[in-house]
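So you know, we letter chains A, B, ... as the sequences are listed, proteins then strands, and number each from 1.
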Amino acid sequence: MLADMERRGVCIDFAAFKSFLAEVSALIELHGARVQELAGSPVNVRSSQQLAEVLFKKLGLKPAGKTPGGALSTGSEALERLSGQHPIIEEILAFRVAEKLRSTYLEPMPRLADAEGRLHTRFNQLATATGRLSSSGPNLQNIPIRGPQGARMRACFIAAPGKLLVGADYSQVELRVLAHFSRDPALIDAFQRDQDIHSRTAALLFDKDASRITPDERRGAKTINFGLIYGMGPQKLARELGISVNQAKKFIARYFEKLGVLKAFYETLIEDALLRGFVTTLAGRRRLLPELHSRNQQAQAQARRQAVNTVIQGSAADIIKLAMLRVHADQRLAELDARLILQVHDELLLEAPEAAANEAAQILRRLMQEVTTLLVPLKVDLGTGRTWAEAH
DNA sequence: GAGAGGCGCCAC
DNA sequence: AAACGTGGCGCCTCTC
Ligand SMILES: Nc1nc2c(ncn2[C@H]2C[C@H](O)[C@@H](COP(=O)(O)OP(=O)(O)OP(=O)(O)O)O2)c(=O)[nH]1
Ligand SMILES: [Mn+2]
Ligand SMILES: [Mn+2]
């Protein structure tokens with residue numbers, strides 16, 4: 001099945017890639033030149049070492065953090081803290097955004113397409129610790145989606161002439177899996193009422209009605225929700241939310257206030273993992289976590305977070321893999337000539353003849369939702385269109 | 001020129 | 001950068 005998906009590939013819009021690349025290249029020129037001017041001496045903006053030299057020695061800015069290797073960080077989160085202190089910061093950040101698009105997506109991908117204009121990834125089955133697939137050569141699981149540039153990037157991936165893309169993505173999938181495993185009444189209740197926890201968190205964070213939340217705001221809420229359930233600390237939360245560390249501590253306390261059963265589940269899961277030396281997913285996949293017994297507190301804490309994450313992320317991976325087998329085996333989808341082309345962790349993308357797309361979408365949704373029965377419903381969001389931007 | 005490690009950053 | 005986790009890839013730097 002995965003080999004079929006790899007062989008089939010996905011169609012790309014060369015003209016869209018080309019015009020996007022032209023605009024992005026102009027931005028790289030512009031911001032690159034401004035960085036040179038503001039630095040006062042030639043500097044390779046692509047070199048974090050040279051950049052640190054300019055920012056923290058020449059210009060005397062105060063470093064906002066260090067890298068794991070001990071160097072002064074020039075990562076975007078560290079630079080944003082210096083925003084406003086010197087105009088070069090904004091220019092570096094703008095350069096980086098454009099350069100990322102050029103170097104990772106816009107230049108390489110059109111060159112990798114075959115004679116029919118299709119791009120073929122590899123779906124790796126043994127590359128992750130949790131049971132997820134990975135994608136490489138090129139990676140089609142990390143195509144930009146955020147902001148206007150994200151939408152434009154996704155619109156570069158299209159259906160073949162006469163066909164449509166059908167996208168299906170599990171709603172809040174790891175929160176639902178967590179509700180199932182933990183049996184926490186507050187979580188179970190939320191999903192039995194078909195609530196959108198990401199939107200709810202976004203509404204709280206941005207202080208607006210849940211119905212008026214933008215996709216990017218909702219993505220921000222995901223980071224908070226998954227961050228918190230997988231053990232994010234108050235310092236990072238404070239930074240994410242732009243609040244004080246004390247406020248962040250209170251936020252975390254309030255977040256888990258009504259999730260006592262969830263907390264107890266974490267305890268049981270860790271106890272069990274300590275005893276056995278591994279954790280187990282829904283389908284029985286195991287991950288060994290020897291660091292749970294480490295004398296190094298940091299390594300042990302990391303292993304605890306990994307234990308929790310692996311059960312949930314790995315079970316979500318089990319679920320979609322099973323669904324993919326059902327999709328592949330479905331007679332009606334085969335008759336319709338609706339074919340799986342991509343998997344993006346909890347999303348499936350099919351290519352189907354225009355006239356068949358609607359029926360294919362309904363079948364796909366049903367297969368995904370009903371692939372297994374949890375204590376909460378599995379919900380699938382659908383999209384259909386000429387481009388991946390519309391199908392997501 | 002190849003390969004490794006570090007950094008940085010895209011996605012889920 | 002930080003007590004979220006899971007990935008892959010481009011560029012730089014250093015080594016051989
Ligand atoms: N630990 C962690 N996991 C994440 C993060 N982003 C996504 N994931 C995992 C958990 C998600 O349920 C799963 C699928 O990602 P999606 O973007 O589809 O989000 P989700 O399904 O939760 O919401 P949605 O589809 O928008 O209703 O990937 C993250 O920032 N941290
Ligand atoms: Mn989803
Ligand atoms: Mn998704």
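Backbone-only engagement by G137(A) is indicated by non-hydrogen atom pairs under 4.0 Å involving sugar-phosphate atoms exclusively. Looking at heavy-atom distances under 4.0 Å, R219(A) makes contact with a base. Nucleic acid contact class of L133(A) (heavy atoms, under 4.0 Å, all strands): none. Among the atoms of the strands shown, only primed sugar atoms or phosphate atoms (P, OP1, OP2) are found under 4.0 Å from some heavy atom of K66(A). At a threshold of 4.0 angstrom between heavy atoms, the contacts of E174(A) with the nucleic acid are absent. Within the nucleic acid shown, A71(A) comes within 4.0 Å of sugar-phosphate atoms alone, with no base atom in reach, counting heavy atoms only. In this structure, R239(A) reaches the bases: a heavy-atom distance under 4.0 Å links it to at least one base atom across the strands shown. Using a 4.0 Å heavy-atom distance criterion, Q313(A) is classed as a base contact. The residue A129(A) sits close only to the backbone: its heavy atoms come under 4.0 Å of sugar-phosphate atoms, none of a base. At a threshold of 4.0 angstrom between heavy atoms, the contacts of Q49(A) are confined to the sugar-phosphate backbone, with no base atom among them. Looking at heavy-atom distances under 4.0 Å, R96(A) makes contact with sugar-phosphate atoms alone, never a base. Here S135(A) lies in heavy-atom contact (under 4.0 Å) with sugar-phosphate atoms only.
We find that CD of Q300(A) is positioned 17 Å from C1' of dC4(C), with the value rounded to whole Å.
The backbone N or O of F191(A) sits nowhere less than 3.5 Å from a side-chain atom of R176(A) that would complete a donor-acceptor pair.
Distances shorter than 4.0 Å separate none of the side-chain N or O atoms of N139(A) from OP1 or OP2 on dA11(B). Contact annotation: R305(A) does not reach the phosphate of dA3(C) (side-chain N/O to OP1 or OP2, under 4.0 Å). OP1 or OP2 of dT13(C) lies within a sub-4.0 Å distance of a side-chain N or O belonging to S47(A). For dG8(C), one of the phosphate oxygens OP1 or OP2 lies less than 4.0 angstrom from a side-chain nitrogen or oxygen of S134(A).
Taking the ring centroids of F226(A) and H198(A), they lie under the 6.0 Å cut-off.
Picking from dT13(C), dG5(C), dG8(C) the nucleotide with the shortest atom distance to the side chain of Q306(A) gives dG5(C). Checking dG8(B), dA3(C), dG5(C) against every side-chain atom of N309(A), the shortest atom distance belongs to dG5(C).
When side chains are defined from C-beta on, L187(A) counts as touching L259(A), because their heavy atoms get closer than 4.5 Å.
Considering Q298(A), R304(A), Q302(A) in turn, R304(A) is the only one that fulfils the side chain to side chain donor-acceptor pair (under 3.5 Å) rule with Q300(A).
Using cut-offs of 30° and 60° for the angle between ring planes, the F256(A) and Y266(A) rings count as perpendicular.
When the nearest nucleotides of DNA chain C are assigned to R132(A) and A301(A) by heavy-atom distance, the more 5′-ward of the two goes with A301(A). Both S73(A) and R102(A) sit near DNA chain C, but only S73(A) has its closest nucleotide nearer the 5' end.
By the 6.0 Å and 45° rule, R152(A) stacks over the aromatic ring of F20(A).
Comparing the P positions of dG5(B) and dC4(C) gives an interatomic distance of 26 Å, to the nearest angstrom. The gap from the P atom of dA4(B) to that of dA3(C) amounts to 32 Å, rounded to the nearest Å.
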